[in-house]
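Following: one structure in structure tokens, then a few remarks.
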Amino acid sequence: MTREEFEYYVPSSVMPDDVLFERISEQLCEGESAVKSLLGGELYDAREEDRTLLHLCNRMACLTAYKLAIPHLDLVLTDNGFGVVSNQNVAPASAERVNRLIQQVQWSLDDTIDELLNYLRGNAKWVDTYTARGVFRSLVWSGWQQLVYFGVPNGHRSTLDELRPKISAAEAKVKHCISPEFYDELCDAVRMRTATAEQNKAIHKILMTIGADVSGDSSSAHFHVKQLVAWLDGNIRTFPTYANSTAYAANNFEPYKNEKDDPCYFFG
């Protein structure tokens with residue numbers, strides 16, 4: 001990573017000399033390690049073969065490094081301990097301004113990771129990695145989904161992480177209604193980028209249910225899950241995994257009805 005590349009992805013880091021770039025070299029290594037962890041070794045080594053992938057990887061590495069470095073850029077180690085770099089021409093920024101910059105960098109990093117994950121879906125070198133399967137064990141995998149399904153206008157990946165316990169609880173309820181196997185099949189289709197129009201419609205209905213549940217609107221969540229199950233039952237030939245599940249059998253179970261000519265007639 002060159003200084004010019006770093007300043008391209010992080011414009012607020014532009015300096016007249018190499019001092020800043022040299023000071024964050026350690027964090028750049030951490031940023032590149034984060035990218036390698038996300039991509040896996042095989043794809044990371046081949047990333048230069050794809051210009052779009054390389055661009056996203058470099059942006060993620062630079063933003064990760066900058067986020068890690070910001071809190072420490074004005075610190076220097078002296079004989080008497082740590083000191084703060086300052087001079088007569090530039091006043092130290094307030095903690096509020098620094099935190100605001102860190103937040104903005106975090107959001108840019110969140111959006112970059114979302115864009116990178118979306119680009120990686122369906123990539124044969126990536127879809128079977130541990131990271132890929134971990135990310136897409138949930139249908140809620142991107143920060144932008146919060147706007148569409150949770151009503152969060154400025155949601156990013158970091159805020160999505162904060163909601164993960166509620167999301168997991170809502171997903172468990174949905175799995176109970178449509179079967180864990182069918183839910184996992186839909187997750188795989190998203191990860192592999194093979195979802196059909198019917199699967200995408202099912203995913204949308206599931207996300208509407210999860211969004212209502214996470215938002216605390218239980219009546220709306222109940223309505224959406226009933227609509228989901230009714231729609232799946234009405235298109236049962238399209239979803240064999242759901243059709244063969246115990247969830248489908250439970251959803252369509254008919255209690256025994258007495259008939260007068262039955263050999264055993266139950267009175268009550």
Side-chain angles (χ1 to χ4, degrees), residues 107 110-123 126-128 131-252:
W107 286 345
D110 287 345
D111 295 344
T112 299
I113 293 174
D114 280 350
E115 191 175 346
L116 182 54
L117 288 173
N118 188 48
Y119 189 74
L120 290 171
R121 290 193 303 121
N123 187 305
W126 186 76
V127 292
D128 288 323
T131 300
R133 291 186 176 277
V135 169
F136 290 100
R137 68 176 182 270
S138 170
L139 292 176
V140 187
W141 59 273
S142 173
W144 65 264
Q145 290 175 305
Q146 294 172 91
L147 172 61
V148 180
Y149 297 107
F150 300 167
V152 179
N154 197 30
H156 295 272
R157 189 165 199 84
S158 46
T159 52
L160 187 68
D161 291 340
E162 295 172 8
L163 290 173
R164 186 56 64 183
K166 290 184 177 180
I167 293 170
S168 296
E171 287 180 307
K173 297 175 187 176
V174 172
K175 290 178 183 179
H176 179 74
C177 295
I178 67 173
S179 85
E181 296 81 10
F182 181 51
Y183 192 89
D184 290 344
E185 179 181 280
L186 294 176
C187 289
D188 289 343
V190 174
R191 174 171 54 87
M192 302 290 289
R193 204 185 284 271
T194 57
T196 63
E198 292 80 8
Q199 285 178 319
N200 278 325
K201 190 169 184 178
I203 291 168
H204 171 70
K205 290 178 178 294
I206 290 169
L207 290 173
M208 290 291 289
T209 303
I210 293 172
D213 198 336
V214 170
S215 302
D217 190 347
S218 56
S219 60
S220 182
H222 181 68
F223 168 79
H224 284 301
V225 79
K226 285 186 67 176
Q227 292 288 101
L228 166 66
V229 170
W231 182 77
L232 290 175
D233 289 349
N235 296 272
I236 195 60
R237 293 185 179 180
T238 308
F239 305 108
T241 302
Y242 170 64
N244 294 318
S245 71
T246 56
Y248 174 73
N251 292 338
N252 293 273

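Annotation: ring-ring contact (aromatic ring centres under 6.0 Å, His included) contacts of His222 (sequence neighbours excluded): none. Not counting sequence neighbours, the partners of Trp107 by the ring-ring contact (aromatic ring centres under 6.0 Å, His included) test are His156. The ring-ring contact (aromatic ring centres under 6.0 Å, His included) test applied to Tyr248 returns Tyr242, not counting sequence neighbours.
Across all their heavy atoms, Arg164 and Val140 have their closest contact at NH2-O, 2.8 Å. Across every non-hydrogen atom of Leu207 and Leu139, the tightest pair is CD2-O, 3.9 Å.
If you take CG on Asp111 and OG on Ser142, they are separated by 8.5 Å, rounding to the nearest 0.5 Å. Note that the CZ atom of Phe136 and the CG atom of Asp188 stand 11.0 Å from one another [nearest 0.5 Å]. Rounding to the nearest 0.5 angstrom, the gap separating the CH2 atom in Trp141 from the CZ atom in Arg191 is 13.0 Å. If you take CZ on Arg193 and CG on Asn123, they are separated by 9.5 Å, rounding to the nearest 0.5 Å. Atom SG of Cys177 sits about 10.5 Å away from atom CD1 of Ile206, to the nearest 0.5 Å. The distance from the CG atom of Asn154 to the OG1 atom of Thr159 is 8.0 Å, given to the nearest 0.5 Å.
Around the NZ atom of Lys166, the shell of radius 6.0 Å holds no more than 12 heavy atoms that belong to other residues, nucleotides or ligands.
Inspection of the Ser219 and Asp217 side chains reveals an N or O donor paired with an N or O acceptor under 3.5 Å. No side-chain N or O of Glu198 forms a donor-acceptor pair with one of Thr238 less than 3.5 Å apart. Using a 3.5 Å distance cut-off with no hydrogens or angles, the side chains of Glu181 and Ser245 do not pair a donor with an acceptor.
Ring centroids of Phe239 and Trp231 are separated by less than 6.0 Å, placing the two rings close together.
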